[in-house]
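One structure is given here, and the rest of the page talks about it.
Numbers here are sequence positions counted from 1.
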Amino acid sequence: MKQTGFFDVEERLARLSGLGDQLEAFSRTVDFEAFRPDLDKALAYSDGSKGGRPPFDPVLMFKILVIQTLNNLSDERTEYLINDRLSFMRFLGLGLSDRVPDAKTVWLYQKRLTQAGAIDGLFNRFDATLRNAGYLPMSGQILDATLVAAPKQRNTNAEKADLRAGRIPEDWQDKPAKLSHKDRHARWTLKFTKAKRQDDGTMPSSDLAIPFFGYKSHVSIDRKYRFIRKWKTTHAAASDGARLREGLLDKINTASSVWADTAYRSKANEDFMEKQGFVSKVHRKKPHLKPMPRHIQKSNAGKSVIRSRVEHVFADQKSQTGLFVRTVGISRATMRIGLANIVYNMRRLLFLERLNASP
């Protein structure tokens, strides 16, 4: 085997570019330096006057979180693949002889951002970048929510009752190691899904109810460009409809229409939207024990054509980046889901820029 030379690495990187390196496209399209002010403020590193090894560059570390989110990687796997992959090194601006952050460093960096509550500022920073690039929220907005799985907790019924009441189970209070591994914010709920056709060709009379544990990601996208503009994280059992009045509506959108499914239809929401100047396009519910009127069926069908676009966002996040909460607690889950939303918007920007550049 011949010794690897400088030009061999360059040739391999050129070949990766020819094959379509997504991270290289990220570097060309996304200005990661725009995140530096928010990162510096959240991390609040010392000026180095006390000595010690200087921390890694905040933007480089943030780009590592982007890699991690794009590929659904653990901290340990992230460290390994940065050392292993030339495409990762190029994206981070690292050479073969440069020091690579280890798994502990990545974990501490994300923890520091989480404790500072930095994710909202980072998301808003990139949203401002999108608007400055001409991608204004336009044509109304679409709201929806999706369940995000978290590691299941094996708790007794008494412990579950304490958690629902907002109390720490007595047996956990004097066991800090156990408490640190217990997710006190995630909840169980039922996920309803369409039953599959049976072997004889008939359809069951009822849908399937599948127990689900974790969190819920609530988003509002603009109809025109389908970027996520507003978002919120709750436990899995939280009501979808109530979140509409908790900052999910984007007042900057150039149009006032709001599309959502029947979970968001309530008098409180309708009154709230009317008062805030929004026009409700929320699906109407079927009357109890009565057939759905024909004109409402047609109206809902027309709304579904538009509303279904938000499903593509969740499908992209779960199929392309494997959205899953590995951590414990809602603050870390919020950080994880917020990063997924930023990365989705980055990928969406790449797609739109590529679409605009095509002849």
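A donor-acceptor pair under 3.5 Å is formed between the side chain of K303 and the backbone N or O of V282. Formation of a donor-acceptor pair under 3.5 Å by the N269 side chain with backbone atoms of R265 is not found in this model. Between the side chain of N72 and the backbone N or O of Q68 there is no donor-acceptor pair closer than 3.5 Å. Formation of a donor-acceptor pair under 3.5 Å by the H283 side chain with backbone atoms of D261 is not found in this model. D316 places no side-chain N or O within 3.5 Å of a backbone atom of H312 that could act as its donor or acceptor partner. N71 places no side-chain N or O within 3.5 Å of a backbone atom of L73 that could act as its donor or acceptor partner.
H181 NE2: 12 or fewer foreign heavy atoms inside a 6.0 Å radius. Residue Q276 qualifies as enclosed at atom CD: its count of foreign heavy atoms under 6.0 Å is above 12. With a 6.0 Å radius and a threshold of 12 heavy atoms from other residues, nucleotides or ligands, K178 has its NZ atom above the threshold. For K281, the NZ atom counts as loosely surrounded, since its 6.0 Å shell holds 12 or fewer non-hydrogen atoms of other residues, nucleotides or ligands. Shown here is K285, whose NZ atom has more than 12 heavy atoms of other residues, nucleotides or ligands within 6.0 Å. Counting non-hydrogen atoms of neighbouring residues, nucleotides and ligands closer than 6.0 angstrom, the NZ atom of K286 exceeds 12 such neighbours. More than 12 heavy atoms of other shown residues, nucleotides or ligands fall within 6.0 angstrom of atom NZ in K160. Atom NZ of K224 has 12 or fewer heavy atoms from other residues, nucleotides or ligands within 6.0 Å.
Taking CG from N345 and OG1 from T129, the interatomic distance works out to 11.0 Å, rounded to the nearest 0.5 Å. Taken from CG in D144 to CZ in R309, the straight-line distance is 14.5 Å, to the nearest 0.5 Å. Here S74 contributes atom OG and Y80 contributes atom OH; the two are 12.5 Å apart, rounded to the nearest 0.5 Å.
The only member of T234, D183, T146 that meets side-chain hydrogen bond (donor to acceptor under 3.5 Å, both in side chains) when paired with Y215 is D183.
If you chain together hydrophobic residues whose side chains sit under 4.5 Å apart, L248 and V148 never meet in one group. Under the 4.5 Å side-chain heavy-atom criterion for ILVMFWY residues, a single connected hydrophobic cluster contains both F227 and M138.
Contacts of E33 classified as salt bridge (charged side-chain N to carboxylate O under 4.0 Å, His left out), with partners at least two apart in sequence or in another chain: R36. Residues satisfying the side chain to side chain donor-acceptor pair (under 3.5 Å) criterion with T189, sequence neighbours excluded, are absent altogether.
Two residues are said to be in side-chain contact when any heavy atoms from C-beta on lie closer than 4.5 Å; E170 and D162 fail this criterion. Side-chain atoms of S180 and V328, non-hydrogen and from C-beta on, never get closer than 4.5 Å to each other. Between I119 and I342, some side-chain heavy-atom pair lies under the 4.5 Å cut-off. A heavy-atom distance below 4.5 Å is found between the side chains of N300 and R284.
The six-membered or imidazole ring of F314 lies away from that of Y344, with a centre-to-centre distance of 6.0 Å or more.
Pairs of residues two or more places apart, or lying in two chains, never qualify as salt bridge (Lys or Arg N to Asp or Glu O under 4.0 Å) while including a residue from residues 95-121.
Using the six-membered ring where Trp is involved, F126 and F35 have ring planes that are parallel, under 30° apart on the 30 and 60° scheme.
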